[in-house]
Amino acid sequence: MPIYKAPVEDVTFLLNDVFQIDRYDNLPGFSDASADVREAIISEAAKLAEEVLQPLNRVGDLEGCKRHDDSSVTTPKGFKEAYKQLTEGGWLGLSAPTEYGGQGLPVTLSQTVNEFQCSANMAFAMYGGLTMGATAALIVHGSEEQKKTYVPKMVAGEWTGTMNLTEPHCGTDLGLLRTKAVRQDDGSFRISGTKIFISAGEHDLAPNIIHLVLARIEGAPAGIKGVSLFVVPKFLVQPDGTVGPRNGVSCGSIEHKMGIHGNSTCVMNYDNATGWLIGEENKGMQGMFVMMNEARLGVAVQGLAQSEVAYQNAAAYARERIQGRSLTGAKAPDKAADPIIVHPDVRRTLLSIRAFNEAARAMVVWTSLKSDVAHRSQDPKDRQAADDHMGLMTPVMKGYMTDMGFANAVQAQQMYGGHGYIAEWGMEQFVRDARIAMIYEGANGIQALDLVGRKLPRDGGRAVMALFNEVGSFAKEHGGSEEMKPFITPLSTALGHLQQATTWLMQNAMTKPDNAGAAATDYMHLFALVTFGYMWAKMAKVAQDKIAAGDSSTYLTTKLVTGRFFMERVIPETAAHLARLQAGCATVMELPAEAF
């Protein structure tokens, strides 16, 4: 059976030492997250993930969700009980505003909890994650009545939430959607249409599900400029806040899919369902983007989470599985063979995954802190800088971390040889579950196009120039240190590659847009490698300082070795990405469509 141990020590190192979260005590909610409170939250979150959620991961995969003739859906055995523990512990409302019943703690903490839960049971964690994304959209764009009606119960987990975008004929291009909204005399709308791929669209975990639905009001402009957002509850809500009659929304079927079987991915049918407009007419994407951006960062965490749990199992297997002898002589002469951990290629594989995981976790903490600043700071300049960072890094993190999360799950599966292909060992589930993260919330090619087409030129390139300055200043500050040279020299080289790539895009993409399209994915990966390298340099500096102060723990020495591996073996890939993108679009676009 697969194992999982929450990376509590690594999270604590990042929060306390690398990013020094106590420096943010001037922001609302941070003073309530003192060191002892953080320790309690992280340790309890680890216990919930390890003891409650992880044992249900294979159960959920094998049983899946079941739709019944009345269109109701039951979740796998144990999910309802686990969900009750989740809600009773207040985990969903950890970072939600206190005025709606949340605890108001930093998003940085809730993202840590999210990683633990997604590693332990990704399909289960999605129910709560989608609910909090829907809650965020309602808080920003909903009316006071809508917020009062729905948000407190969603924060408490009494009701859950979904996002309804995709239709059978349109995915990313939401301007093509056909779901219609007909205005009623009482100010409500009648919603009719079909949505597909709706995660957690129907289930038995909560008595009501609050759907956020994109639809077009009759007479609205064509395309994306005519799309509005509506709140459509499964059961209508009575004036006293209790659940009333069933609304005209039902689950038509459950998708038969590759992974995340424990989450009900539904076809949702809206048949004159009653809904209410969220925000302004024809401005639906503003509200939905709040939820989508929350979801994209959550999906990036899913990439890390599946990589982490796959790594833990592969490393444990490599320490125990005996096969062959070390190239430098037997390491376990009392046994018939050595454990495969002695082989360089096995170690290369495991270190590649580990180096990704630890840098990705740092990226999550770094960006979560920016989110907290953007939403909580009273300083307009700080909010703007943090918002710039979020806009720039969201497509990078979603795209790269899920690309690599899947690739790492496959690499970890490879460590098992034939056993990795056999279901009872659990590795093939990690591969299947990780695969969806590259697709939903905007396929990764779309993330790359968003990065080069929208995020780079936004505000005259203000966000990317700020990043260049930050990384460059760090490299300059520490470049004279002999101890830091193994980190600063490769980072500086990689930053140079990213700057060259950015200049190339500026010079070649405007006159020939296909150059940007052909370069987008390589640019996104190059960008991510530089930011990961920056995270490793920051972690290395802190680790070196702690060692110099007398801390000789194995954790710190291991951290430095893993970081050096990243700098020697991973970050040089920036050169290949630069070469590929500078090749332009000529051969990519040369063949006629019928030649494929």
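The basis for the numbers below is simple: all heavy atoms, side chains too, and nothing from hydrogens, waters or symmetry mates. Everything numeric here is computed off the predicted structure, so don't read it as measured data.
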Does the side chain of [X] reach to within under 4.5 Å of the side chain of [Y], using non-hydrogen atoms?
{"X": "S307", "Y": "F430", "answer": "no"}
{"X": "M401", "Y": "F356", "answer": "yes"}
{"X": "V11", "Y": "F116", "answer": "yes"}
{"X": "Q306", "Y": "F406", "answer": "no"}
{"X": "M393", "Y": "K370", "answer": "no"}
{"X": "L529", "Y": "L526", "answer": "no"}

Less than 4.0 Å between a side-chain N and a carboxylate O, is that true for [Y] and [X]?
{"X": "R354", "Y": "D10", "result": "no"}
{"X": "K47", "Y": "E44", "result": "yes"}
{"X": "E115", "Y": "R361", "result": "yes"}

Does the pair T12 and R38 meet the rule for a side chain to side chain contact (heavy atoms under 4.5 Å, CB included), with working shown?
-> CA-CA 9 Å; T12 302; R38 294 197 300 270; over 6 Å; no
Hey, what do you get for [atom1] ([X]) to [atom2] ([Y]), rounding to the nearest 0.5 Å?
{"X": "Q20", "Y": "L14", "atom1": "CD", "atom2": "CG", "value": "12.0 Å"}
{"X": "I41", "Y": "L105", "atom1": "CD1", "atom2": "CG", "value": "5.0 Å"}
{"X": "I322", "Y": "I340", "atom1": "CD1", "atom2": "CD1", "value": "11.0 Å"}
{"X": "D450", "Y": "N444", "atom1": "CG", "atom2": "CG", "value": "11.5 Å"}
{"X": "H343", "Y": "K331", "atom1": "NE2", "atom2": "NZ", "value": "10.0 Å"}

Where do R462 and D387 land on the salt bridge (Lys or Arg N to Asp or Glu O under 4.0 Å) test, with the steps shown first?
-> CA-CA 11 Å; R462 186 176 66 205; D387 189 65; over 6 Å; no
Mind telling me whether Y317 and W425 have parallel, tilted or perpendicular rings, with 30° and 60° as the class edges?
->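 If you compare the ring of W425 with that of Y317, the planes turn out perpendicular.
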How are the rings of F124 and Y83 set relative to one another: parallel (under 30°), tilted (30 to 60°) or perpendicular (over 60°)?
->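 Correct class here is perpendicular.
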Run through W366, F566, F487, F468 and flag the one making a ring-ring contact (aromatic ring centres under 6.0 Å, His included) with Y534.
->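 With Y534 as partner, ring-ring contact (aromatic ring centres under 6.0 Å, His included) holds for just one option, W366.
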Hey, which of F527, F532, Y523 is the one that makes ring-ring contact (aromatic ring centres under 6.0 Å, His included) with Y400?
->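 Answer to the ring-ring contact (aromatic ring centres under 6.0 Å, His included) test with Y400 among F527, F532, Y523: F532.
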State, without any angle test, whether S377 and D379 hold a side-chain donor-acceptor pair at a distance under 3.5 Å.
->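 Side-chain D/A pair, S377 to D379: absent.
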Where do L581 and W504 land on the side chain to side chain contact (heavy atoms under 4.5 Å, CB included) test, with the steps shown first?
-> CA-CA 9 Å; L581 70 86; W504 187 91; 3.9 Å; yes
